[in-house]
Amino acid sequence: MHRRNFLKNGSLAGITIPALGLGTFTNTPENKSAPSIIDTADAFDLNEATITGLQQKMENGKLTSRQITQLYLNRIANMEKNGPKLNAVIELNPDAIAIADAMDKERKQKRTRGPLHGIPVLIKDNIDTGDKMQTTAGSIALEGNVASKDAFIIKQLREAGAVLLGKTNLSEWANFRSTRSSSGWSSRGGQTHNPYNPDRSPCGSSSGSGVAVASNFCTVAIGTETDGSIVCPSSVNGVVGIKPTVGLWSRSGIIPISHTQDTAGPMARTVRDAAILLGALIGVDAEDEATKNSSGKNYKDYTQFLDANGLQGKRIGIEKSLLKRHEAVDALLQNALTVIKSKGATIVEVDIISKLKDSSEFDMLQYEFKHDLNSYLSKSNAKVKSLKEVIEFNNQHEEKAMPYFKQEIMEMSEQKGDLDNKEYTDALKKNLAMARGAIDDAIKEHQLDAIAGPTTGPTWSIDVIDGDHETG
């Protein structure tokens, strides 16, 4: 893979974290002086580094986890100071080096925990970490919310030997605040920028995680998705994202939108790295009922399924309505289909999207957002304890909390009743039946092994006033 370079000329040597004072990043909402992209050689030592490659270097003594961690910390510091300022990382972990040292000590004692041992990982800032870092969903209303314990997947991550490098910026409240929000903007972290062109959207809500992986700020990162929040930033930042089946990864300790659709997932530069992270964090969690459904159906190693000849004899459905929306996307899709066919698969056009036009999802999400967020906040260390209090806080701090767009989705959600309300139960039933029916019917009718298509169109210009201009 040849990734377009987006770094200015300049050496990373001699950059130290203490000298730059990078504990928590405080960024302005806009980036008025974003530099132009310059296609020059990027001499960063860990460019395009993979989990397997870094493990080999640590095993043969060429690098330690401490050195790898420090290189990534230096990289983040240099980029955020010297530009292009991407605002991808909202906070660094002051304990990152100490964790790396502990992993190096275990390696010397021949006690490696697995493929993530000593590997730095960045985490979206809506996932609890029971350490010195905050968990805020990018909102100043949650500043100071230091979790009492790790989210279940973070506990799994630590047990796998990973180094928690820091938290990534995101679309505030995972983009469930306003109908005209700008992806990647948060009141705490400012506007995240696409590394290939700072004027373009990084998409969201896992904007910072997608940008960080593309920018070689880490090896892999964790994002979350309710509806497109992993796959869209992965698409427009040129990385690999997986939204796992709901219940494969636990959601406990993650600031929620919807218990029906939410899940965290891996973001990486390669499919193999994404598969490694996927397997490391699975597990049945007593605090997340949905994880029980994955028992006996999950794997600790998904790399075993990475078969270069795995498409032979398979039937792949392609959603036909995604064609002829943008000529450049069509060209990319046709190239991909050529490769799929060359690997022995049969392409079948299918019609799914026309069966999914219904408003039940948004109704369902509003009810679940109110219920699930109130539950999270009531047990958190945040100064606000309910959705109602978040809305009131934002109104009281409007100049900083809502300088560009407001919080009408939050206000609509607050007006909803509880989960016994008939409007909710009807919407939930209709939404699930519609989505499952459309997909399952197509698979059965055409005897498909998978359904594929473009994730999104080209990225759009950042517009904090009028919001996103999605392109398909």
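Hydrogens, waters and symmetry mates play no part in the numbers below; they use all other heavy atoms, side chains included.
By the neighbour-count criterion of 12 heavy atoms within 6.0 Å, atom NZ of Lys355 is densely surrounded, having more than that number from other residues, nucleotides or ligands. Within a 6.0 Å radius of NZ in Lys383, more than 12 heavy atoms belonging to other residues, nucleotides or ligands are found. Counting non-hydrogen atoms of neighbouring residues, nucleotides and ligands closer than 6.0 angstrom, the NZ atom of Lys430 reaches no more than 12 such neighbours. Atom NZ of Lys400 has 12 or fewer neighbouring heavy atoms from other residues, nucleotides or ligands inside a 6.0 Å radius. A 6.0 Å sphere centred on CD of Glu143 holds more than 12 heavy atoms belonging to other residues, nucleotides or ligands.
For the 3.5 Å distance criterion, the side chains of Glu368 and Thr260 qualify, holding a donor opposite an acceptor. With hydrogens and angles left out, the side-chain atoms of Tyr367 and Asn421 include a donor and acceptor closer than 3.5 Å. Counting only N and O atoms by type, the side chains of Thr270 and Thr50 include no donor and acceptor under 3.5 Å apart. Side-chain atoms of Thr135 and Lys167 include a donor-acceptor pair closer than 3.5 Å. Under the 3.5 Å distance criterion, with hydrogens and angles disregarded, a donor-acceptor pair is assigned to the side chains of Ser321 and Glu319. Checked by atom type, the side-chain pair Asn394/Gln407 shows a donor-acceptor distance below 3.5 Å. No side-chain donor from either of Asn87 and Thr192 sits under 3.5 Å from a side-chain acceptor of the other.
With rounding to the nearest 0.5 Å, the separation of CD1 in Ile76 from CG in Asn216 is 11.0 Å. Taking CG of Leu92 as the reference point, atom NZ of Lys132 lies at 13.5 Å (rounded to 0.5 Å). Taking CD1 from Ile153 and OG1 from Thr291, the interatomic distance works out to 12.5 Å, rounded to the nearest 0.5 Å. The structure places CG of Leu73 at 12.0 Å from CD1 of Ile68, a figure rounded to the nearest 0.5 Å. Rounded to the nearest 0.5 Å, atoms CG (Leu281) and CD (Glu159) are 10.5 Å apart. Interatomic distance, CD of Gln366 versus CD of Glu361, reported as 11.0 Å (0.5 Å rounding).
Between Phe405 and Trp185, the ring-plane angle classifies as perpendicular under the 30° and 60° cut-offs.
Side-chain contact between Ser148 and Asn381: present, with at least one pair of heavy atoms (C-beta onward) separated by less than 4.5 Å. At a threshold of 4.5 Å between non-hydrogen side-chain atoms, the residues Glu225 and Gln261 do not count as touching. Residues Asn431 and Leu428 form no side-chain contact, since every pair of their non-hydrogen atoms from C-beta on lies 4.5 Å or further apart. Side chains of Gln70 and Ile97 form a contact here, defined as non-hydrogen atoms less than 4.5 Å apart. With contacts defined as side-chain heavy-atom distances shorter than 4.5 Å, the pair Ile51/Leu116 qualifies. Counting heavy atoms from C-beta on, the side chains of Asn93 and Ile123 never come closer than 4.5 Å. Residues Asp468 and Asp463 are not in side-chain contact: their nearest non-hydrogen atoms beyond the backbone lie 4.5 Å or more apart. Contact check for Ser461 versus Asp199: no side-chain heavy atoms found under the 4.5 Å cut-off.
Counting all heavy atoms, side chain and backbone alike, Pro233 lies closest to Gly228 at CD-O, 3.7 Å. Across all non-hydrogen atoms, the minimal contact from Asn169 to Ser186 is OD1-OG, 2.7 Å. Across Leu165 and Cys218, no two heavy atoms sit closer than the pair CD2-CB, 4.3 Å. In terms of heavy-atom proximity, Ser413 sits nearest to Phe176 at OG-CE2, 3.7 Å. Residues Ala382 and Asn145 come closest through the heavy atom pair N-OD1, 3.2 Å. Across all their heavy atoms, Leu278 and Pro244 have their closest contact at CD1-CG, 3.8 Å.
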**OP:** Output, in order, the C-alpha distance, side-chain angles, deciding distance and verdict of side chain to side chain contact (heavy atoms under 4.5 Å, CB included) for Lys85 and His193.
**Re:** CA-CA 8 Å; Lys85 192 171 185 177; His193 294 265; over 6 Å; no
**OP:** Go through Ser205 and Asn175 one step at a time and tell me if the side-chain hydrogen bond (donor to acceptor under 3.5 Å, both in side chains) criterion holds.
**Re:** CA-CA 6 Å; Ser205 64; Asn175 225 1; over 6 Å; no
Subject >> Stepwise side chain to side chain contact (heavy atoms under 4.5 Å, CB included) check, Cys203 with Trp460 >> reply: CA-CA 9 Å; Cys203 202; Trp460 52 94; 3.8 Å; yes
**OP:** Run the numbers on Asp420 and Thr425 for side-chain hydrogen bond (donor to acceptor under 3.5 Å, both in side chains), then give the verdict.
**Re:** CA-CA 7 Å; Asp420 293 326; Thr425 57; over 6 Å; no
**OP:** Tell me, with the steps shown, if Asp262 and Thr226 meet side-chain hydrogen bond (donor to acceptor under 3.5 Å, both in side chains).
**Re:** CA-CA 4 Å; Asp262 286 354; Thr226 304; 2.5 Å; yes
**OP:** Show your working on salt bridge (charged side-chain N to carboxylate O under 4.0 Å, His left out) between Glu287 and Lys149 and close with a plain yes or no.
**Re:** CA-CA 13 Å; Glu287 296 184 33; Lys149 65 177 183 177; 2.9 Å; yes
**OP:** For the pair Lys124 and Ser206, evaluate side-chain hydrogen bond (donor to acceptor under 3.5 Å, both in side chains) and give the outcome as yes or no after the intermediate values.
**Re:** CA-CA 7 Å; Lys124 189 176 178 180; Ser206 303; 3.0 Å; yes
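In terms of modelled atom types and a separation under 3.5 Å, the side chain of Ser380 and the main chain of Leu377 share a donor-acceptor contact. Judged purely by atom type and a 3.5 angstrom limit, Ser215 has no side-chain atom pairing as donor or acceptor with the backbone of Ala212. Panel note: side chain Ser250, backbone Phe152; no donor-acceptor pair is recorded below 3.5 Å.
The residues Lys320 and Asp351 are annotated as not salt-bridged, no charged nitrogen and carboxylate oxygen being separated by less than 4.0 angstrom. Under 4.0 Å is where a charged nitrogen must lie from a carboxylate oxygen, and between Asp330 and Lys324 no such pair does. At a threshold of 4.0 Å, the pair Asp128-Lys155 does not count as salt-bridged, since none of the basic side-chain nitrogens sits closer than that to a carboxylate oxygen. Residues Lys416 and Glu423 are paired through a salt bridge, judged by an N-O separation under 4.0 Å between the basic side chain and the carboxylate. Comment: Arg180 does not engage Asp466 in a salt bridge, judged by the lack of any side-chain N to carboxylate O separation of less than 4.0 angstrom. Under 4.0 Å is where a charged nitrogen must lie from a carboxylate oxygen, and between Arg251 and Asp288 at least one such pair does. Using a cut-off of 4.0 Å between Lys/Arg side-chain N and Asp/Glu carboxylate O, Asp125 and Arg188 are scored as salt-bridged. Under a 4.0 Å N-O distance rule, the pair Arg75/Glu80 does not qualify as a salt bridge.
Considering Glu411, Glu172, Glu398 in turn, Glu398 is the only one that fulfils the salt bridge (charged side-chain N to carboxylate O under 4.0 Å, His left out) rule with Lys406.
The distance between the ring centers of Phe393 and His397 falls below 6.0 angstrom.
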